[in-house]
Trainee: 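Below are the structure tokens for one structure; questions will follow.
By convention in this document, chain letters (A, B, ...) are assigned in the order of the sequence lines, proteins followed by strands, and residues within each chain are numbered from 1. Only this structure's heavy atoms are used, side chains among them; waters, hydrogens and symmetry mates stay out. Since the model is a prediction, treat every value here as computed from it, not as a measurement.
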Number of protein chains: 2
Amino acid sequence: MKRLSPLSLADLRSQAQVFKALGHPARLQMVQAVADGEQCVCELTELVGLDMSTISKHLSVLTAAGVLVSEKRANKVFYRLRTPCVTKVFSCLHDVQSAPDAESSARCR
Amino acid sequence: MKRLSPLSLADLRSQAQVFKALGHPARLQMVQAVADGEQCVCELTELVGLDMSTISKHLSVLTAAGVLVSEKRANKVFYRLRTPCVTKVFSCLHDVQSAPDAESSARCR
DNA sequence: TTGCTACTTGGCTAAATAGCCAAACAGCAA
DNA sequence: TTGCTGTTTGGCTATTTAGCCAAGTAGCAA
């Protein structure tokens, strides 16, 4: 297994910030939706089913963490992934959860 | 890019739980340390520099999320990754952060 | 048994977060 | 200009979280 180099405190913080941003069901759902292509706030609001102001705040958390970027066109704001890398995390995460229990090492895509 | 299948609400919650568990600098540091091999609570306490009771609580968050497992030997408790998949997340995460800004798609390991 | 080390749990306070509503703001059209 | 749509921001409350200290538990050794 690749050895991890120790992270500086600043790196630790900013990486944690990304995980933290992804660590909420509504935000995760939005990131997943956006992975299929950019979405405007109103679409995401309908998808998630929370108040638009709440959605907007979640989106700013994701943007601050560097997960999403936004672009305004006409009177709509579209959000998309800043980098598609994020989606790779998801498939791995699925494995983390479904891992039987111990050294199921090999199965990790 | 691989299309993501929509997650059920339960999946969303439990995946978010994993991210949330990783979304704290102290916890991230511990997971990274443990990725190099199991560590006991006292070692992690020294590494992170918080009260042992705080460390213990962080470890239980990571265990509840399915990131770590523990084993008691003699009077020490050792923690290790439940699956090494987790480490893959880190290298991707680094890319998320260092991505110049937009469709730097190709560079994603 | 006592005592020591390693760890967890309970209890508490301070701080951060999530949610809503209401108000402000921006772009476009009349 | 006014008005409409889409979005963000401010303000508030309820809930959750992080941290410490103190107390409790577990294993081992004398």
Trainee: Could you state the CE-C1' distance from Met52(A) to dC4(D), rounded to the nearest angstrom?
Mentor: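 In whole Å, dC4(D) C1' lies 14 Å from Met52(A) CE.
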
Trainee: Rounded to whole angstroms, how far apart are CD on Glu71(B) and P on dA6(C)?
Mentor: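 Spelled out: CD on Glu71(B) to P on dA6(C) is 18 Å.
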
Trainee: Identify, with sequence neighbours excluded, every residue that meets salt bridge (charged side-chain N to carboxylate O under 4.0 Å, His left out) alongside Glu71(B).
Mentor: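 Glu71(B) satisfies salt bridge (charged side-chain N to carboxylate O under 4.0 Å, His left out) with Arg73(B), Arg80(B) once adjacent residues are dropped.
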
Trainee: Scan residues 37-44 of chain B against DNA chain C and write down, sorted by residue number, each residue with any heavy atom closer than 4.0 Å; if none is found, say none.
Mentor: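 Result for residues 37-44 of chain B: Cys40(B), Val41(B), Cys42(B), sorted by number.
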
Trainee: Taking only side-chain N and O atoms of Tyr79(B), does any of them lie within less than 4.0 angstrom of OP1 or OP2 on dA6(C)?
Mentor: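 Answer is no, no contact under 4.0 Å.
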
Trainee: Given atom CD1 of Ile55(B) and atom P of dT8(C), what is their separation to the nearest angstrom?
Mentor: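 Checked: the CD1 to P distance equals 11 Å.
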
Trainee: How would you list, by chain and number, every residue that makes a side chain to side chain donor-acceptor pair (under 3.5 Å) with Ser60(A), sequence neighbours excluded?
Mentor: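 Not a single residue meets the side chain to side chain donor-acceptor pair (under 3.5 Å) criterion with Ser60(A).
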
Trainee: Whole-Å distance between dT8(C) C1' and Leu68(B) CG?
Mentor: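 Atom-to-atom, Leu68(B) to dT8(C), this comes out as 16 Å.
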
Trainee: Can you tell me the distance, in whole Å, between the CG atom of Leu62(B) and the P atom of dT17(D)?
Mentor: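 Spelled out: CG on Leu62(B) to P on dT17(D) is 13 Å.
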
Trainee: If Ile, Leu, Val, Met, Phe, Trp and Tyr residues are connected whenever their side-chain heavy atoms lie under 4.5 Å apart, and connections chain through other members, are Val61(A) and Leu44(A) in the same group?
Mentor: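 Not linked; separate clusters.
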
Trainee: Can you name the side-chain contact (heavy atoms from CB on, under 4.5 Å) partners of Asn75(B), sequence neighbours left out?
Mentor: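 Scan of Asn75(B) (side-chain contact (heavy atoms from CB on, under 4.5 Å), adjacent residues dropped) gives none.
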
Trainee: Just to verify, what does Ser53(B) make a side chain to side chain donor-acceptor pair (under 3.5 Å) with, not counting sequence neighbours?
Mentor: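 With sequence neighbours excluded, Ser53(B) shows a side chain to side chain donor-acceptor pair (under 3.5 Å) to Asp51(B), given in chain and number order.
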
Trainee: Below 3.5 Å is the cut-off: list the nitrogen or oxygen pairs between protein and nucleotides 23-27 of chain D, distance only.
Mentor:
none

Trainee: Quick one: which residue pairs count as a ring pair (Phe, Tyr, Trp, His ring centres under 6.0 Å) with a foot in residues 10-66 of chain B, not counting sequence neighbours?
Mentor: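 Qualifying pairs, neighbours excluded: His24(B)-His58(B).
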
Trainee: Could you tell me which residues satisfy side-chain contact (heavy atoms from CB on, under 4.5 Å) with Val77(B), sequence neighbours excluded, listed by chain and number?
Mentor: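 Residues passing side-chain contact (heavy atoms from CB on, under 4.5 Å) with Val77(B): Val41(B), Ser70(B), Lys72(B), Tyr79(B).
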
Trainee: Just jot down the side chain to side chain donor-acceptor pair (under 3.5 Å) partners of Thr45(B), sequence neighbours excluded, or say none.
Mentor: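 Here no residue qualifies.
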
Trainee: Looking only at N and O atoms, is any donor in the side chain of Ser53(B) or the base of dC7(C) less than 3.5 Å from an acceptor on the other one?
Mentor: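 Counting by modelled atom types and ignoring angles, no donor-acceptor contact under 3.5 Å is found here.
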
Trainee: Please list all pairs passing the ring pair (Phe, Tyr, Trp, His ring centres under 6.0 Å) test where one or both residues lie in residues 32-56 of chain B, with sequence neighbours left out.
Mentor: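 For residues 32-56 of chain B, and leaving out neighbouring residues, there are no ring pair (Phe, Tyr, Trp, His ring centres under 6.0 Å) pairs at all.
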
Trainee: Considering all heavy atoms of both residues, which atom of Leu28(A) and which atom of Ala16(B) are nearest to each other, and what is their separation?
Mentor: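 Nearest heavy atoms, Leu28(A) then Ala16(B): CD2-N, 3.4 Å.
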
Trainee: Write down the atom of Thr87(B), the atom of Ala35(B), and the distance for their closest heavy-atom approach.
Mentor: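 In this case the closest contact between Thr87(B) and Ala35(B) is CG2-CB, 3.6 Å.
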
Trainee: Give every pair of a protein N or O atom and an N or O atom of nucleotides 13-19 of chain C that lie under 3.5 Å apart, one pair per line with the distance.
Mentor:
{"residue": "dT17(C)", "atom": "OP1", "partner": "Lys20(A)", "partner atom": "NZ", "Å": "2.5"}
{"residue": "dA18(C)", "atom": "OP1", "partner": "Arg27(A)", "partner atom": "NH1", "Å": "3.2"}
{"residue": "dA18(C)", "atom": "OP1", "partner": "Arg27(A)", "partner atom": "NH2", "Å": "3.2"}
{"residue": "dA18(C)", "atom": "OP2", "partner": "Arg27(A)", "partner atom": "NH1", "Å": "3.3"}
{"residue": "dG19(C)", "atom": "OP2", "partner": "His24(A)", "partner atom": "NE2", "Å": "3.4"}
{"residue": "dG19(C)", "atom": "OP2", "partner": "His58(A)", "partner atom": "NE2", "Å": "2.5"}

